[in-house]
Amino acid sequence: MKTCIAVICHKPVKFKDLNEQIYIPVEVGASYRDNHFFENLDNSGDNISNKNESYCELTGLYWLYKNHNFDIIGLVHYRRFFMKSNFCLRKKLINILGEDKIKSILANYDIILPKKRHYYIETNYSHYVHAHKKEALDIMINIVKEREPDYYMSLQKHLKSRSGHYFNMFIASSNVAVPLLDWIFSILNEVEKNINIDEYLGAERRVFGYLSELLFDVYCYKNKLRIRNQKYLFFEKQNRVKKGLNFLLRKIKIR
């Protein structure tokens with residue numbers, strides 16, 4: 001079984017000790033540049049590279065699943081990886097999830113997702129509307145209700161939940177991943193037709209990357225996929241004070 005995990009990159013990154021037999025760095029937004037820093041570009045073949053500002057890491061994922069035939073595919077970020085053990089604390093690439101472990105997990109589960117984030121004082125819906133422009137989410141809800149009524153109840157349930165899998169990170173067999181991604185991109189495409197992306201400024205232009213985080217869970221729950229919640233680590237330093245302040249500002253609508 002051939003495995004390929006896209007490591008999404010929007011800038012040059014050196015990966016010491018990265019197992020490139022299954023992990024391939026993918027340069028996203030490659031259509032915006034004349035000079036490139038990786039061999040794998042999201043603007044070849046069937047691609048949406050020119051939408052990277054709004055689709056974020058999904059342009060790399062689209063390129064991978066539309067143009068390559070692997071038995072197992074997945075997505076991680078240059079700064080955020082699945083770890084081989086839920087007890088692993090060392091931020092070393094030698095400690096990230098390897099091929100043998102992936103296959104062992106997928107023998108008993110349908111999909112590997114990052115451990116859930118919990119919003120104890122918010123639902124997934126209120127967290128979204130406090131952090132992002134509300135319009136696109138409401139449009140997505142209506143599209144699912146009208147086009148995919150079988151998924152509407154799962155969507156409503158997830159939006160009322162106080163936890164979810166984020167970052168669009170996953171690993172799954174192609175038999176699971178391809179229909180999942182076909183469904184997600186079909187919904188996002190309909191949302192795109194119904195908003196004016198020029199009205200989305202700054203971080204809000206990443207709208208489809210944000211929406212897809214919700215859709216991953218909706219599809220998995222509706223189709224009763226067996227989910228393995230896998231530990232991940234953030235490989236860059238985080239300013240937790242700044243993150244906390246931004247969270248509070250969003251809550252009181254100053255941001």
Residue pair Asn168, Ser212: steps toward the side-chain hydrogen bond (donor to acceptor under 3.5 Å, both in side chains) verdict: CA-CA 7 Å; Asn168 292 314; Ser212 63; 2.7 Å; yes
Phe208 ring centre to Lys51 NZ or CZ under 6.0 Å, with the angle to the axis within 45°? no
Heavy atoms of Ile141 and Leu159 approach each other most closely as CD1-CD1, 3.5 Å
If two hydrophobic side chains count as joined below 4.5 Å and joins carry through other members, does Val178 share a cluster with Ile171? yes
What closest approach, in Å, do Ser174 and Pro179 show between heavy atoms, and which atom pair accounts for it? O-CD, 3.9 Å
Heavy-atom side-chain proximity of Asn194 to Asn142 below 4.5 angstrom: no
Using the ring of each side chain (for Trp, its six-membered ring), is Tyr210 parallel, tilted or perpendicular to His132, with breaks at 30° and 60°? parallel
If I compare all heavy atoms of Arg90 with all of Leu233, which pair ends up nearest, and what's the gap? O-CD1, 3.9 Å
Shortest non-hydrogen contact between Cys220 and Leu180, atoms and distance: SG-CD1, 4.2 Å
Run the numbers on Glu199 and Ile195 for side chain to side chain contact (heavy atoms under 4.5 Å, CB included), then give the verdict. CA-CA 8 Å; Glu199 296 177 355; Ile195 67 171; over 6 Å; no
Would you indicate whether the side-chain heavy atoms of Leu188 and Leu215 approach each other to under 4.5 Å? yes
Kindly indicate, with the supporting measurements, whether the criterion side-chain hydrogen bond (donor to acceptor under 3.5 Å, both in side chains) is fulfilled by Asn223 and Tyr151. CA-CA 9 Å; Asn223 292 283; Tyr151 285 85; 3.1 Å; yes
Gap between atom CD of Glu57 and atom CZ of Phe167 - 0.5 Å precision: 10.0 Å
Show the numbers, then the answer: is there a side chain to side chain contact (heavy atoms under 4.5 Å, CB included) between Leu225 and Tyr219? CA-CA 8 Å; Leu225 298 188; Tyr219 183 94; 4.2 Å; yes
Verify the neighbour count for atom NZ of Lys145: are there more than 12 heavy atoms of other residues, nucleotides or ligands below 6.0 Å? no
Measure the shortest side-chain to side-chain distance between Asn86 and Arg228 over non-hydrogen atoms and say whether it is less than 4.5 angstrom. yes
Can a salt bridge be assigned to the pair Arg226 and Asp110 using a cut-off of 4.0 Å between side-chain N and carboxylate O? yes
Could you pull out the closest heavy-atom pair between Gly164 and Asn124, with the gap in Å? N-OD1, 4.3 Å
Closest non-hydrogen atom pair between Arg80 and Phe234, with its separation: NH2-CE1, 3.2 Å
Reported CZ-to-CG distance for the pair Phe82 and Leu75, which is rounded to 0.5 angstrom: 8.5 Å
For residues Leu211 and Leu137, determine if any side-chain heavy atom of one lies less than 4.5 Å from a side-chain heavy atom of the other. yes
Given Asn67, Asp46, Asn47, the one that forms side-chain hydrogen bond (donor to acceptor under 3.5 Å, both in side chains) with Tyr62: Asp46
Does Asp71 use its side chain to pair, donor to acceptor, with the backbone of Thr3 at less than 3.5 Å? no
Step through the shown structure and confirm whether more than 12 heavy atoms of other residues, nucleotides or ligands are within 6.0 Å of CG on Asn196. yes
With a cut-off of 6.0 Å (strictly less than), are more than 12 heavy atoms of other residues, nucleotides or ligands near CG of Asn69? no
Angle between ring planes, Phe185 versus Tyr65, binned at 30° and 60°: parallel, tilted or perpendicular? parallel
Please determine if Arg33 and Glu27 form a salt bridge, counting it only when a charged side-chain N lies under 4.0 Å from a carboxylate O. yes
Applying a strict under-4.5 Å side-chain criterion to I, L, V, M, F, W and Y, I'd like to know whether Ile197 and Ile187 cluster together. yes
Start with the C-alpha distance between Tyr152 and Glu148, add both sets of side-chain angles, then the distance that settles side-chain hydrogen bond (donor to acceptor under 3.5 Å, both in side chains), and finish with yes or no. CA-CA 7 Å; Tyr152 182 65; Glu148 305 280 353; over 6 Å; no
Report yes if the side chains of Phe81 and Val7 come closer than 4.5 Å at any heavy-atom pair, otherwise no. yes
Test side chain to side chain contact (heavy atoms under 4.5 Å, CB included) on Asn52 and Ser31 and set out the steps. CA-CA 9 Å; Asn52 180 253; Ser31 63; over 6 Å; no
What verdict does the side chain to side chain contact (heavy atoms under 4.5 Å, CB included) test give for Lys103 and Ile72, after you've listed the backbone C-alpha separation in whole Å, the side-chain angles of each residue and the deciding distance to 0.1 Å? CA-CA 9 Å; Lys103 292 178 178 178; Ile72 298 171; 4.0 Å; yes
CG/Asp217 to CG/Leu155 distance, rounded to the nearest 0.5 angstrom? 11.0 Å
Keeping to residues at least two apart or across chains, list the ring-ring contact (aromatic ring centres under 6.0 Å, His included) pairs with something in residues 7-37. His10-Tyr78
Gln230 side-chain N/O to Met83 backbone N/O, donor-acceptor pair under 3.5 Å: yes
Using 0.5 Å steps for rounding, measure from the NZ atom of Lys231 to the NZ atom of Lys84. 14.0 Å
Rounded to the nearest 0.5 Å, the CD1 atom of Ile112 sits from the CD1 atom of Ile5 at a distance of 7.5 Å
Taking the side chain as everything from C-beta on, heavy atoms only, tell me whether Leu61 gets closer than 4.5 Å to Phe170. yes
Close side-chain approach of Trp63 and His68, heavy atoms under 4.5 Å: yes
Starting from Trp183, can I reach Leu113 by hopping between I/L/V/M/F/W/Y residues whose side chains sit under 4.5 Å apart? yes
For the atom pair CG (Asn43) and OG1 (Thr59), what is the distance rounded to the nearest 0.5 Å? 9.5 Å
Beyond-backbone contact of Leu93 with Leu18, side-chain heavy atoms, under 4.5 angstrom: yes
When hydrophobic residues are tied together by side-chain contacts of less than 4.5 Å, even through go-betweens, does Ile73 share a cluster with Leu106? yes
